[in-house]
Amino acid sequence: MAQQVRSIPPKPTDETYEYIPFPTDNAVWTNRSYHNFYGPGLQVDRNFFSTVFMKGDTIWDGKTYSKLYVCKGETPDYSPGAFWGGIREENKRIYVRQSHTYTGEPYAVPMVYPYPLDRYFGPAPSVEYLCYDFNIPSDPATFYAEYLKRYHMEGFAEYERTDYEWIGERWRRVVYFKSKYAYDNPLFTFRWIDGIGNDRGFCYNGTYITTGNHNFRETNLLCFFQDGVQQYHADNIIIPFEGSDDCFRIDDLLLGLSPTVADPAVRLRYEHGSLVWDAAVSITRVLLYDLQARLVFSSPTVGVHSVSLPATIPAGTYLYCGDDTYGHRYTGKLIIP
């Protein structure tokens with residue numbers, strides 16, 4: 001029997017489109033940011049992965065917010081220290097507010113904030129901020145210019161166009177912003193997607209964050225799940241991520257892998273049946289993928305600098321990921337003879 005292909009309904013217009021509300025519970029956003037750390041004789045580029053879990057709600061100043069927890073990996077952490085804050089929707093406007101208890105890195109959710117707040121170190125607890133406005137404006141250029149100005153982004157990005165895209169088995173309204181730079185700066189080229197947020201990461205609204213010896217190079221929303229169902233995946237990201245094997249084009253990874261993805265001095269290598277790395281680096285877990293992006297081996301590695309591989313893993317070329325205690329991920333290729 002021939003397989004029946006599901007037909008996609010006609011593309012909507014502004015008049016026929018049915019708005020998709022923002023999630024209120026049981027949602028997960030997986031994010032990747034590419035950071036540059038520098039100093040005397042040092043310049044290291046690293047990937048930082050964070051996952052935002054939405055679970056439960058809380059009431060602040062008489063308003064109900066869905067609770068958000070920011071974690072370094074795929075495992076939920078619902079402790080007070082991981083409780084980043086809350087998010088709520090009112091009249092198609094999305095508001096966020098950070099909690100007093102959050103103790104994670106301020107750059108785990110890269111956002112900028114209205115003056116006079118410090119745009120580098122994140123929001124002030126107990127203050128509510130407008131994150132997105134999904135209303136359909138009569139004058140989009142002016143409407144979004146005012147939004148960007150509010151968050152000091154008017155000199156970096158500008159409204160480009162609005163369209164509808166088939167994402168997560170639904171038509172969703174998408175607002176495109178483009179960089180004002182002569183080149184396509186990835187920090188200032190992004191999309192707002194109804195019911196999901198920003199394709200540059202959870203609550204991303206543009207960033208040019210520089211903190212001492214650290215700045216952002218690029219950010220991405222890797223995956224979005226609602227009620228356990230994947231609604232969005234980044235089809236042009238070239239780094240495999242556990243639990244999302246089907247989201248990444250492994251052929252691009254092989255062609256595009258750069259030695260600056262992580263500290264070039266830190267490499268995992270194959271020696272006599274084991275994966276080995278520098279003992280000075282605190283790798284907490286290693287993942288090994290084949291060239292079809294299938295996870296073939298994973299192991300916790302806290303307190304050790306090598307791990308034995310099963311003899312059943314065949315010879316060939318593999319991709320490795322090593323996570324350290326700071327949430328950085330070291331990636332590369334190795335050959336098992």
Side-chain angles (χ1 to χ4, degrees), residues 22-35 46-58 60 64-89 94-113 117-132 151 187 190 196-207 209 211 214-216 218-226 228 230-234 237 239 241-244 284-285 323-329:
F22 212 70
T24 57
D25 198 10
N26 199 26
V28 181
W29 293 260
T30 297
N31 311 280
R32 167 250 189 179
S33 53
Y34 188 34
H35 299 224
R46 291 175 174 170
N47 285 292
F48 181 91
F49 293 85
S50 66
T51 306
V52 178
F53 295 90
M54 175 185 283
K55 185 176 178 62
D57 55 49
T58 188
W60 286 325
T64 301
Y65 294 80
S66 298
K67 299 173 74 172
L68 304 168
Y69 297 85
V70 176
C71 310
K72 288 183 178 179
E74 303 90 354
T75 304
D77 178 1
Y78 299 125
S79 68
F83 176 30
W84 183 81
I87 192 166
R88 70 181 186 91
E89 178 171 354
I94 313 302
Y95 298 91
V96 296
R97 173 173 169 170
Q98 187 169 324
S99 77
H100 286 278
T101 64
Y102 179 67
T103 58
E105 292 86 350
Y107 52 79
V109 178
M111 297 177 65
V112 290
Y113 302 90
L117 298 173
D118 190 327
R119 65 191 182 213
Y120 299 141
F121 293 101
S126 302
V127 179
E128 183 180 78
Y129 307 96
L130 174 67
C131 187
Y132 307 116
Y151 294 96
L187 290 178
F190 50 89
I196 295 175
N198 198 308
D199 70 347
R200 287 292 172 187
F202 175 77
C203 277
Y204 180 86
N205 63 355
T207 181
I209 294 177
T211 59
H214 162 259
N215 61 34
F216 280 86
E218 186 175 357
T219 68
N220 307 97
L221 175 64
L222 298 184
C223 293
F224 167 71
F225 287 81
Q226 175 69 63
Q230 186 182 75
Q231 302 290 339
Y232 172 88
H233 69 88
I237 306 301
I239 299 174
F241 195 78
E242 186 182 19
S244 303
T284 60
R285 184 182 64 165
D323 297 338
D324 70 12
T325 54
Y326 299 101
H328 301 132
R329 174 161 286 187

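Heads up: numbering here begins at 1 and tracks the sequence. Below, all heavy atoms of this structure are taken into account, side chains as well, without hydrogens, waters or symmetry copies.
- Not one N or O on the side chain of R97 forms a donor-acceptor pair closer than 3.5 Å with the backbone of G86.
- Taking the side chain as every heavy atom from C-beta outward, T24 and D57 never approach each other to under 4.5 Å.
- If you take CE on M54 and CH2 on W84, they are separated by 10.5 Å, rounding to the nearest 0.5 Å.
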So V52 and C203, side chain to side chain contact (heavy atoms under 4.5 Å, CB included) or not? Walk me through it.
CA-CA 10 Å; V52 178; C203 277; over 6 Å; no
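- Just one of Y232, W29, F53 meets the ring pair (Phe, Tyr, Trp, His ring centres under 6.0 Å) condition when paired with F224; it is W29.
- For the pair E128 and W60, the minimum side-chain heavy-atom distance is 4.5 Å or more.
- In this structure, CD1 on I94 lies 9.5 Å from CZ on R88, to the nearest 0.5 angstrom.
- Every residue meeting the ring pair (Phe, Tyr, Trp, His ring centres under 6.0 Å) condition with Y69, not counting sequence neighbours, appears here in chain and number order: Y78, F83.
- Not a single side-chain hydrogen bond (donor to acceptor under 3.5 Å, both in side chains) links T58 to another residue, sequence neighbours left out.
- If you take OG1 on T51 and CZ on F202, they are separated by 12.0 Å, rounding to the nearest 0.5 Å.
- Residues Y102 and V70 meet the side-chain proximity criterion, which asks for heavy atoms closer than 4.5 Å.
- Residues N220 and R200 have side chains in contact (heavy-atom distance under 4.5 Å, counting atoms from C-beta outward).
- In this structure, the side-chain contact (heavy atoms from CB on, under 4.5 Å) partners of D77, at least two apart in sequence or on a different chain, are C71, S79, A82.
- Note that OH of Y95 and SG of C131 are 11.5 Å apart. Values are rounded to the nearest 0.5 Å.
- Nearest heavy atoms, C223 versus H233: SG-CB, 4.3 Å.
- Residues forming a ring pair (Phe, Tyr, Trp, His ring centres under 6.0 Å) with Y132 (at least two apart in sequence, or on another chain): F134, W192.
- Evaluation of the side-chain hydrogen bond (donor to acceptor under 3.5 Å, both in side chains) rule for D25 yields no partner, not counting sequence neighbours.
- Distance check: N31 CG to T219 OG1 gives 8.0 Å after rounding to the nearest 0.5 Å.
- Checked against side-chain hydrogen bond (donor to acceptor under 3.5 Å, both in side chains), E89 has the following partners two or more places apart in sequence or in another chain: Y19.
- Between the side chain of N198 and the backbone N or O of Y204, at least one donor-acceptor pair lies under 3.5 Å.
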